[in-house]
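Each residue takes its place number in the sequence, starting with 1.
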Amino acid sequence: MYVVSYDITSDRLRNKIAKTLEGYGTRIQYSVFECRLGQKKYKELYRKLMQIMAETEEGSIRFYSVCENCEGKIRTIARLQNI
């Protein structure tokens with residue numbers, strides 16, 4: 001699994017990155033996605049995001065690899081909002 005986060009100020013670029021990531025993973029926070037990818041899909045996503053980032057000189061995208069053993073140790077503390 002990979003945790004992918006981004007810090008982009010341009011709305012157009014940020015939306016393009018988010019739309020791309022939605023095809024590969026689950027949004028867990030506004031600019032953070034969990035992506036369960038094999039090596040082939042990881043390379044495909046990385047390439048697509050590199051192409052998008054080639055359009056700009058600002059912002060960053062980070063990939064954090066989470067091994068299977070560590071994945072089971074992920075803990076979440078959350079409060080659900082009343083709707």
Residue pair V3, F63: steps toward the side chain to side chain contact (heavy atoms under 4.5 Å, CB included) verdict:
CA-CA 6 Å; V3 175; F63 285 77; over 6 Å; no
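- Under the 4.5 Å side-chain heavy-atom criterion for ILVMFWY residues, a single connected hydrophobic cluster contains both Y24 and I52.
- Looking at M53 and I17, their side chains come closer than 4.5 Å, going by heavy atoms from C-beta outward.
- A donor and an acceptor atom, one from each side chain of E58 and S10, are nowhere located under 3.5 Å apart.
- Separating the CD atom in Q51 from the OG1 atom in T20 is a distance of 9.5 Å, to the nearest 0.5 Å.
- Between Y42 and Y2, the two ring planes are parallel [angle under 30°; tilted spans 30° to 60°].
- No donor-acceptor distance shorter than 3.5 angstrom exists from the side chain of R62 to the backbone of S5, with no hydrogens or angles considered.
- Nearest approach of Y6 to I61, heavy atoms of both residues: CB-CG1, 4.0 Å.
- Within the model, atoms CD1 of I8 and OG of S60 stand 6.0 Å from one another, a figure rounded to the nearest 0.5 Å.
- A salt bridge is defined here as a Lys NZ or Arg NE, NH1 or NH2 lying under 4.0 Å from an Asp or Glu carboxylate O, and K41 with E44 meets this definition.
- Note on L21: it clusters hydrophobically with L37, by side-chain heavy-atom contacts below 4.5 Å among ILVMFWY residues.
- The two residues E34 and I28 come nearest to each other via the heavy atoms CG-CD1, 3.6 Å.
- Across C35 and V4, no two heavy atoms sit closer than the pair SG-CG2, 4.1 Å.
- Residue V66 is not grouped with residue Y46 when hydrophobic side chains (ILVMFWY) are merged at heavy-atom distances under 4.5 angstrom, including chains of intermediate members.
- Between the CZ atom in R14 and the OG1 atom in T56 there is a gap of 12.0 Å [rounded to 0.5 Å].
- One finds a salt bridge joining R12 and E55 here, because a Lys/Arg side-chain nitrogen approaches an Asp/Glu carboxylate oxygen to under 4.0 Å.
- Cation-pi geometry between R27 and Y30 is met: under 6.0 angstrom from the ring centre, within 45 degrees of the axis.
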